[in-house]
Every structure is written in C-alpha cells, then in structure tokens.
Amino acid sequence: MTHPTPAPAPGPSRRAVVSALGALPLAGAVGPALTAAPARAAEAALPLPVAHWAFDEGAGTTAADSSGRGRALTLAEGARWGAAKSGAAALDLSAGGSASAAGAVVDTSGSFSVAAWVRLTAVAGYQTFVSVDGLAVSGFYLQLRDDTGVFAFTRLPLDATSANGGAAVAGAACAPVTGAWYHLLGVDDAAAGVLRLYVNGVLEGEVPYSGGWRATGATAVGRGLFGGAHVDQTHGLIDDVQVFDTALTAADAAALAGVPAGSTEPLLTVDTTRPGPRLSAELGGIFFEDINHSGEGGLYAELVNNRSFMAAATPLHWSATGGAVLAVDPGQPLNHALTQSLRVTAKAAGDGVANEGFWGIPVRPSTAYRAGLYAKSADSTGTLTVALTGSDGTVHASGTAGPLTGSWRKYTLTLRTAPGAPTTADARLTLTASTPGTLWLSQVSLFPPTYKGRANGLRVDLMEKLAALQPKFLRFPGGNYLEGNVVADRFDWKKTIGPVEQRPGHRNSAWGYWSTDGLGLPEYLQMTEDLGCLPLLCVYAGYSLQGAHVTGDALKPFVQDALDQIEYITGPATSPWGARRAADGHPKPFPLKYVEIGNEDGFDRSGSYEERYAAFHDAIKARFPALRLIATTPVSSRPYDLIDEHYYQSPAAFQAGSHKYDQRDRDSPKVFVGEWAAQEGRPTPDLNAALGDASWLAGLIRNSDQVLMESYAPLFSHVRDNTWATNLIAYDALTSYNSPSYYAQQLLLTHRGDVVLPTAVRALPGLNVVTTHDPRTRRVHLAVVNTTGTARRTTVTLRGVARTAPSAVVTVLAGPGTQATNTLTDPLAVAPRTGTVNGVAPTFTATFAPYSVTVLEVRTG
Ligand code: AHR
C-alpha cells in the first residue's frame, strides 16, 4: 500500500451502500462526488503557531522562529541546510545532527499540535522529527517507528523509560518511502482524550490517550530522548515545523498539507488493474509443540496420566484403592525402554489402584474405550477388573483382564458406556484385584474414539478444530520442546518411533511434565496426512535452552540423526529408516519440503549456530538437495531458504505492525514467521488480541511474496495448565473452544483469493486491510480489521471493475469490547456471523463495525 494521493471520487450513479452484516443501520446513499474545498479558505482560519521554524536561512547555525516568540533553534553536530519543500531551504539531517532550543515551546499537559514536512533518505530505525525532552523520555515523538515501519505520533504515559510498554501510538496507515515529502501533523486532543496523526492532511492514526504530562526540557528537531539519552536520529530533510497550543482540526490538517479538505474524506480503493504478489501456496500453517499439556493430556488422546510409571520414582497420578500399597519398582521392568513398573500389594480382594487422568477422565454415553495394560502377579493368580468409575463410586463401564500369570502379558479390552451414562470428567480409571497378593502393572492405557479412528491417535474435537483452519503445513515438534533444558531432554526422535511400549519417554523440561512420546514422529506425520498438510520438520541442532551447545566432532551424531530422520520421513520402504517407517505402519513416504535447523538459536550466546547450521546445511543439502532449509537466526557462511522470525508482542504493537513487511527489500531472504501472537488474554486471546493478530496477519498476507509461511503460537492450552498465557485453543478433559483469534485467522486464511490486490485506505484510522482476488471465481475478498471502537463508514472503490454482482457474502467477527472473549462455558461469545449484503457495485459505501474483522466477498465481471 502507499499513502494515497487525493483523487476525485466517482459520480453518484454507481454508488451504493453496504453496512457490514447489518451491524449498523443502513444509511442512505452518500452524496455525489467528494467536493474539493479550496485549501486557502481553510488555511485562513488556522490558529497561530507558538513556534514556527521555516528553515529558510540556508546558512549559519540558527533557525529563526517566525511565530514571533523568539524560540530560535541552534543547529548542531552535522546538521546542514538542504533543498526546501517550501521557501528557500530546509534542515538537512542526512549526515546526522539535530536542532534544538532550550525549554519546551508548548505545554504538553494540555492540547497541542505539531506539524512538519519530512523527506527521508533512509526508512530504517526509529527517527524522531520533533520532540520535547522530559527527564528520561520525550514528552511526545513525531516520528518514524522501527517496530512498525510507519510514521507515528507517540506519547508515553509517564516520564519513565519503563513506561514504554504503555505507549499510545497513533500510527500511519502505511510505510513511507525515501525521497518523497510527507506532511505530518500530530495532534494531542486532551479534551477528547485522543492522539491523532495526519499524513498529507489525511487522518491516518487515532488512539485513546489521557495521560498528558508536562515535558519541560529542550525542544528538539531531528531526534528524541529515551533512557535519558538522545536517540532516534532523523535521516533526511525536515522543513516548516510548526507547533500549536491547541488541537488542530481535520480542516487545519488539510490546509497545512496544502490539500483540498474534500480530498481527505474516508476512501478505500482496491486496484484490480495492478495485481500484486500471488499468495504463497504454504502461507497459513500451524505450529504444534507439547506445552501447557498440549500433547500429553491434550491432542494425544491417551487418557491415563503417567501410564508407563516412568515419570517419577513415586506413582504420580496414581492412588491406592482399598488397602492396597503402591510402589514404583525399578526391579521389575517391562522391557529395555520401560524400566520401572508399579508394584501393587493387595491386602484383600477388591484392593487396587486408580488413575486420575489429566484433571479427570472424560466419560460419555454410548462410547467404546480401548483399554490396554501389561500385568503379572507374584503367585500367577487372579484377575483385574478395569473400570471407568465416577468419584461417587458409580461404575460407568468395566471389563476383566486376566487371568494374570507370573510373567508380563498384555491384556486389551473394550469398555463400553451405556446410552444412559453421564457426560462427565469426574471419573477415574480403576483396576481392582480379584485376590490378595502382589502384582505389577506397566503401560496402562485408555483411549476414547480418536480422529479418523487411528490407533494411538488424536483427540477428535481438537483435530476437528485444526482441520477447520485448513492448514498448509504443520511445524513440529517445537519450539523449546525440541531443545529441552539440557541435551538429554531434547526431542530424541529415534526414541519416539516403534511400538509405544518400547518408547521410554522423556522429561519435557521446557514445560515441566513427563512426555511418554506416545505422540512421536510417526504420529506427527500421520497427523499431517490426516490434516492434508505438509510436515515442516524442526531438527534438533545441538543447542538446548540452558545454554549447552554441541560443536565439532560431537555434533556429528546429531547431524546423522537429522539425516536418518529425513530418511525415515521421505525414504523408500527399502531404505534402512524408510523400512522402520513401513514397520510403523506407513510404507508410503511422506512429502517433505522444509526442514528447520534448530529453534531460536539467536539465544545461543556462544555464537555456535554459524558452525552448527553449516554442518547441518552441508550434510542435508548433499544428501537431500531439494529440501529447503530454514535458519532460526541469520548466518553468513551458508545460504538459507527462509529465516524463521518469532514475534510475541502487545495487541497494539501487532495492530500497528501490520505494515512491517510492506517496504522490505524484496531481494532479501524469504521469511517464515514461525511463531507469533498478540499477548493478551489467558488461557486464550481476547478480542483486542484477535484484532492485533488479524491486523498482523493481514500484513503477512499482503506481503506473501516475502513471508512465505506463518504459524501462530502456541496452539493449545489445557485450562488447568496454562503455563504459557495466551494460546489459540483451550480445553479441559471433556470440551474445547476456539478463541476470537482462531476465528479471525480462520476468516482471513480460508476466505481469500490467490493474488493480492493493492489497496489504499484514506482517513480510516485503525483500519488494516488486505484484498485478494481469485481469478477463477472472479471473486474479490476484501478483509478489513477495524481495531477501534468507532464504526468506520467509507466509500469503497474497486478500480478497474466495470460490474459486480449486486450482493456479496459478508462474514463479520465482532464483539462488544476489547475484553470480549470465549470460554469453555461461553465458547461462541465472539464468533463469526455470515450473511449477504445487497447494493454492491464498483463503487459503494460500507460500514465496518467497531472492534471487528470483516471479509466481504464480491463477485466481479
Ligand atoms: O511458543 C512458545 C515458545 O516460545 C516456543 O517453545 C519457543 O520457540 C518460543 O520461545
């Protein structure tokens, strides 16, 4: 997108009115073409500035204040004179420097406005054009921001660097380019409690702000103050800076910028004549790692907690029933992998054990559960009653395992609940001995029906939620889970294949619980097939979270592990590791296109990633040249196909960050935004976060030639283990729900075309937009995120479209306020609604509801 230049609006005959999903009453057709008010008329009414530097001197080190108040600026440190926007000269800071006057020229605790012309020679980094110093930070910043890439008028709530997180940022609608003059006007309207930013006379940013405080330090042009230091050097020209002790109006803004007032009305223009990039085929994916009991007690459908008794030296999650005595017994291993078992000493018939599951075991009517266990008894006698038992002792389903013998035997049985059984998570799995004596248990397992009926499979409701996102890839198995706190706790894939009772499991030290590795490499791969998406494999690359890093010869086995892992996934069934995959039930190779080397290796302070990446790169490219490699932090000695960038930020930062990739150097390495999420809401994001997420995602889609793939993180949280606060989907033992952010992403990613269409927004602060086109169906998908509490009504023009169908499908996700959210008990409080709107035309008027994500699907031609 570019900052729009004023254009005449089309005539009235082709105009119509649409109110998105009837969220607001339909208004009458808007009037004829926007009329251009003469700029000079508005200019005449402008308030007088309290400081005005025209920078017309062209020589010397002083810039006079033409307001008559005598606040001359002194040029310092390389500040020069350059070519003017208006008058004879401008302040040239392209070689550094700034200009300042002692003391504040305006009282920043009340209403005020600051205007400047700027022309940049670089668009990177923070650059502040006008500011007044406080003690630690500036009282305001009229600036270009590095985090968002756009112009902004910014204020912090306090004169403290630590207050930066609460900054109010009125940001521009799109990123600037070098070499063009922009007129910026920042307005602090203390009476209305808002900050506004006008660019070229057009209102582009508007945010609430009521924390006005008085900055009393120097007034500076060309820099700001942060952490008590001079920062934010401007690179470029600044001209005609004016400061007012009042909140200027929209008409003032137009007059100052020299544009007709009528040309600053809201307008949304989609240009179908200049199609932008094609959407990457792999743009929307999912990232799964076992965090917050996402796998164990979550997606992995196993209902027994600590089924293998390997989690600890005590029988965690198990309890004795009757008078039984329990002990974890390392002296009676099931096999080389499960080196501990549970010894149960039954003092009487009816004594036994119970497993509490993952915060309860879910029971439903008319359901068949598959139970399995290994057992043996000291005296080769007796049986076990295996039952789903309510906390009040009600038996919901039961069966018998036995007779037990003196050596390990596997017993499998089906537990069926009756049609009248309750739906409850208030149950346990109980195993009751028929006779007194000592017995041992191992690998005690219970599965409900699974997604697609897979043995050792996945939870149905959670997989259905993932499938409804239509993901293009699955990034797995982490994240920090891949790395472990120490090398021994990494995801050691070779221990996650084969029969589940031969997988030892490992400590999930990153997230604080035991992993049975029942959800292992074969299950992840099956999951991709069941979701119809590509696997995106993250290989352990010799770095663990507490800083251990493996280099030199010691790294070679890890590189070999990665090669073997790729062969397990892609090799023919005749290859050594392909044969292991076939033995695990999947003779056909899986398609693999992307391999990520490690995770967040920028945290490796030793700097060893350069060497580690090179070792993996060389080995993988030599053996599997077609694979595309993803680096987790930039490296210089070897190429990478993509760089994985992770962003966890505030909703405001994401709302403002929609333009981050707009001005990216198109020749730099392509990006995989492998983890991102606006951090607000627990265990799932609220609507405010969803609006941030939708704004950010709109930016990723717009820049799909740069950002080839993206995945939100984390995906899941059990409501009883919310270690990581904000997650896409949450659940308890029985039910689950989608967050507002889930719905926002689903909306943007599943209602889209193949080609991005350039879209300009004018005077629509807080709106982030992406438009795509499906040439096959001739549908234009206009996605609009309104992050503000104000309904935004605008003319929409589809440039280059002669005809449209008169009605369009519209889907809206909205809520009553930023804190609105979904919960287990109110899962659809914020959910999309779909309807039809009439009166669509090549130019029409639409209203976008407060706090909403809207996708309008318009049929053209
Ligand atoms: O998504 C949660 C964690 O955040 C991931 O494990 C890690 O990669 C990142 O730091």
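Whatever order the structure lists them in is the order used to number ligands and atoms, beginning at 1.
Taking the six-membered ring where the residue is Trp, the centroids of Phe287 and Phe473 are separated by 6.0 Å or more.
Listed by atom number, the atoms of ligand 1 under 4.0 Å from Asn599 heavy atoms are 7 (C), 8 (O). Here is the list of ligand 1 atoms found below 4.0 Å of a heavy atom in Glu289: 1 (O), 2 (C), 3 (C), 5 (C), 6 (O).
Here Tyr481 has no heavy atoms under 4.0 Å from ligand 1, in either its backbone or its side chain. Counting heavy atoms closer than 4.0 Å to ligand 1, residue Trp511 contributes side-chain atoms (C-beta onward) but none from N, CA, C or O.
Ring orientation note: the planes of His646 and Tyr648 are nearly perpendicular, at an angle over 60° on the 30°/60° scale.
For atom 4 (O) of ligand 1, the closest heavy atom belonging to the protein is Glu675 OE1, 3.1 Å.
For Lys495, the NZ atom counts as loosely surrounded, since its 6.0 Å shell holds 12 or fewer non-hydrogen atoms of other residues, nucleotides or ligands.
Where the criterion is an N or O separation shorter than 3.5 Å, residue side chain and backbone included, His646 fails it with respect to ligand 1. Close N/O approach between Tyr648 and ligand 1 is found [any backbone or side-chain N/O within under 3.5 Å].
Atom CG of Leu813 sits about 6.5 Å away from atom CG of Leu687, to the nearest 0.5 Å.
For the side-chain contact (heavy atoms from CB on, under 4.5 Å) criterion with Trp493, the lone passing option out of Asp561, Ile569, Leu482 is Asp561.
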